[in-house]
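Let me begin by presenting the structure, written as structure tokens, before commenting on it.
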2 protein chains.
Amino acid sequence: MELSTIPQLFPAFEKELQREIQEQGEIRSFKSEEQLMRTGQYFRSTMLILNGLVKIYREDEEGNEFFMYYLQPGQACALSMVCAAEHKRSAIMAKAVKDTEIIAIPLQYMEEWMGKYKSWNHFVISTYRSRFEELLTTIDHIAFRGMDERLEFYLKKHQETMGANLITINHQEIANELNSSREVISRLLKKMEQFGKVKLHRNAIEIIQL
Amino acid sequence: MELSTIPQLFPAFEKELQREIQEQGEIRSFKSEEQLMRTGQYFRSTMLILNGLVKIYREDEEGNEFFMYYLQPGQACALSMVCAAEHKRSAIMAKAVKDTEIIAIPLQYMEEWMGKYKSWNHFVISTYRSRFEELLTTIDHIAFRGMDERLEFYLKKHQETMGANLITINHQEIANELNSSREVISRLLKKMEQFGKVKLHRNAIEIIQL
DNA sequence: TTCAATAGGTGACGAAGGTCACAATAAGGA
DNA sequence: TCCTTATTGTGACCTTCGTCACCTATTGAA
């Protein structure tokens, strides 16, 4: 990647800020399936996604994980901002779903830039905003919807984010991400197949009509 | 209230900012039970709570409401910030639970002050932060916990926020706020009474031991 | 090709929680 | 006091979902 991608991904940032990011930020690479953040971890930096794709999960004490939203290139992890700023443990887990590169911004710069660069300030705030809305949507689903609707929504999100109609995932993983069980997901998928919404394959689900 | 309370409630704000708030902000009063914000409404201002107490709810299309968190004097509604800034409809509902006064800050100042006053900037960001955490806690509860635990948590929050062991509320209202049904809440409360955790009265619940 | 591992299918069952019907108890007016 | 209304209690029943047991199908390595 290097010198070209920062201006491309963050065109709204001042030239000077783009330069500082490149100077002070530390690039880290993660293989697909690798964890970027673990629940309980402390942060001394926030992370901007350069390429790849990241999923954000909430975990409980028993290790149940619960998928909340995707992070794409050009976005930042709002939680890493919260945690770094408040010196708190991470309450979430982040996992790469493709090979992913991020750039880690140390806390000190993150704060310094807030006063120094308008665009950074705006970026931080709009990151909070958009994640706030994602969380509200998530709450809607688990509070008001049944597993069938949640599964459809999950597949739809996956489809949009990946830009593909063939989702390569198995039932067990979906169950984990929705905090449900494999059998339930299998049954619901079967029903969706009967309604012509999807076509089931081994290790893959083909979206027909959602 | 008037000229004294702003410095008291927002001591971190610059004198000049406190003055501007008083000049540009519009004070509004709400009786207990009155709605401050409705789902679907547009905002042109954000609101700071001066006194009283406000509850924030998520609503779905069928009018089910779902309690998320309290707002107390000295706090701001993060959602009104999001909505005002993005010119979006409100996705939440706010209701006064005591007689409440707020001060409404028009969008233009809210944005102007972001650059002008460090303390305002910090206030906005820390408002997002704390509400973010509240939402995560809420998600935890509905994703991982049963109704029994959620009810206990609900009562505990109520107790802490009101600073009283006697909660005047009926079972139906609790059910609404937890998006459950009256019978379920009645049964769970009965069970809690048998365990000596609460004592039930008409229109009131007395907290013994949670 | 054989076998073990992985993925998915299915029936039985139980627990949590929602719904319905209706009884029992206040509380508050007329 | 008597009647109406609001609140709470309770049993019966249903749906959704989680769990268990066990089966079948696919795949890939030995």
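Residue numbers begin at 1 in each chain, while the letters A, B, ... track the order of the sequences.
Comparing D/dT10, C/dG18, D/dT7 by their closest approach to the side chain of B/Asn170 singles out D/dT7. Comparing D/dG18, D/dG9, C/dG8 by their nearest atom to the side chain of A/Ser180 picks out D/dG18. Closest to the A/Val184 side chain, of the nucleotides D/dT19, C/dG9, D/dT10, is D/dT19. In this structure, the nucleotide among C/dT19, C/dA21, C/dT10 sitting nearest to the side chain of A/Glu183 is C/dT10.
A/Ile185 places its CD1 atom 9 Å from the P atom of D/dC17, with the value rounded to the nearest Å. For the pair A/Asn179 CG and D/dT16 C1', the interatomic distance rounds to 15 Å; values are reported in whole Å. Distance CZ (B/Phe144) to P (D/dG18): 12 Å, rounded to an integer number of Å. Regarding B/Ile142, its CD1 atom lies at a distance of 14 Å from the P atom of C/dG17, rounded to whole Å. For A/Arg182 and C/dG8, the CZ to C1' distance is 6 Å, given to the nearest whole Å. Taking atom CG of B/Asn64 as the reference point, atom C1' of C/dT19 lies 14 Å away to the nearest angstrom. Look at CD on B/Gln172: it is 14 Å from C1' on D/dG9, rounded to the nearest Å. If you take CD1 of A/Ile174 and P of C/dG9, they are 11 Å apart, rounded to a whole angstrom.
Proximity of residues 186-210 of chain A to DNA chain D (heavy atom under 4.0 angstrom from any strand atom) is restricted to A/Arg187, A/Arg202.
A close approach under 4.0 Å does not occur between any side-chain nitrogen or oxygen of A/His171 and OP1 or OP2 of C/dT6.
With contacts defined as side-chain heavy-atom distances shorter than 4.5 Å, the pair A/Ser45/A/Met81 does not qualify.
A/Glu65 and A/Tyr57 are not linked by any side-chain donor-acceptor pair at a separation below 3.5 angstrom, with hydrogens and angles left out of the test. Inspection of the A/Gln75 and A/Arg131 side chains reveals an N or O donor paired with an N or O acceptor under 3.5 Å.
Interatomic distance, CE of B/Met47 versus CD of B/Glu26, reported as 10.0 Å (0.5 Å rounding).
Within a 6.0 Å radius of NZ in B/Lys191, no more than 12 heavy atoms belonging to other residues, nucleotides or ligands are found.
For the side-chain hydrogen bond (donor to acceptor under 3.5 Å, both in side chains) condition, the pairs that include at least one residue of residues 200-210 of chain A, sequence neighbours left out, are A/His201-A/Glu206.
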Run the ring pair (Phe, Tyr, Trp, His ring centres under 6.0 Å) check on A/His141 and A/Phe153 step by step: do they pass?
CA-CA 9 Å; A/His141 281 91; A/Phe153 185 79; 3.9 Å; yes
